[in-house]
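The next block holds one structure in the form of structure tokens; read it before the comments.
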Amino acid sequence: MKTIDEMLHLDLLTADQHRQIGAWIAQAETPEEILKMPAQLWQAVERASEVMGIDEDLTRPPLLESS
């Protein structure tokens with residue numbers, strides 16, 4: 001929920017999209033049920049994720065700290 005809250009704060013989701021996505025996530029009992037979210041909501045999350053660079057963060061190799 002924190003991520004979609006940030007998407008709303010950055011105006012990457014509308015208040016209605018945020019409400020619908022939050023409601024979907026809240027009622028879902030498994031990750032598989034979340035994946036059944038309606039396509040228009042997934043598309044909104046994907047667009048916002050792209051703007052925020054979330055995919056890049058998830059696929060970037062970890063930084064190795066020197067001792």
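Predicted model only: the values in this text are computed from it and were never measured.
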message: Would a single hydrophobic cluster contain both M37 and I54, if residues Ile, Leu, Val, Met, Phe, Trp and Tyr are joined by side-chain heavy-atom contacts under 4.5 Å?
response: yes
Could you list the donor-acceptor pairs under 3.5 angstrom formed by side chains in residues 25-32, with sequence neighbours left out?
{"from": "Q27", "atom 1": "NE2", "to": "W24", "atom 2": "O", "distance (Å)": "3.1"}
{"from": "T30", "atom 1": "OG1", "to": "E32", "atom 2": "N", "distance (Å)": "3.4"}
{"from": "T30", "atom 1": "OG1", "to": "E32", "atom 2": "OE1", "distance (Å)": "3.4"}
{"from": "T30", "atom 1": "OG1", "to": "E33", "atom 2": "N", "distance (Å)": "3.1"}

field: Min side-chain heavy-atom separation V51-R47 under 4.5 Å
entry: no
field: Which atom of L12 lies closest to which atom of A48, heavy atoms considered
entry: CB-CB, 3.7 Å
query: Does R19 have any salt bridge (Lys or Arg N to Asp or Glu O under 4.0 Å) partners at least two apart in sequence or in another chain, and if so, which?
result: D16
- request: Could you list the residues that satisfy salt bridge (Lys or Arg N to Asp or Glu O under 4.0 Å) with D11, not counting sequence neighbours?
  value: none
query: Where is the tightest heavy-atom contact between T14 and Q17, given as atom of each residue plus distance?
result: N-OE1, 2.8 Å
message: Using side-chain heavy atoms (C-beta onward) and a distance below 4.5 Å, is M7 in contact with S49?
response: yes
query: Closest approach of I4 and H18, non-hydrogen atoms and distance?
result: O-CD2, 3.2 Å
query: Roughly how far, to the nearest 0.5 Å, is CG of D5 from CD1 of I21?
result: 11.0 Å
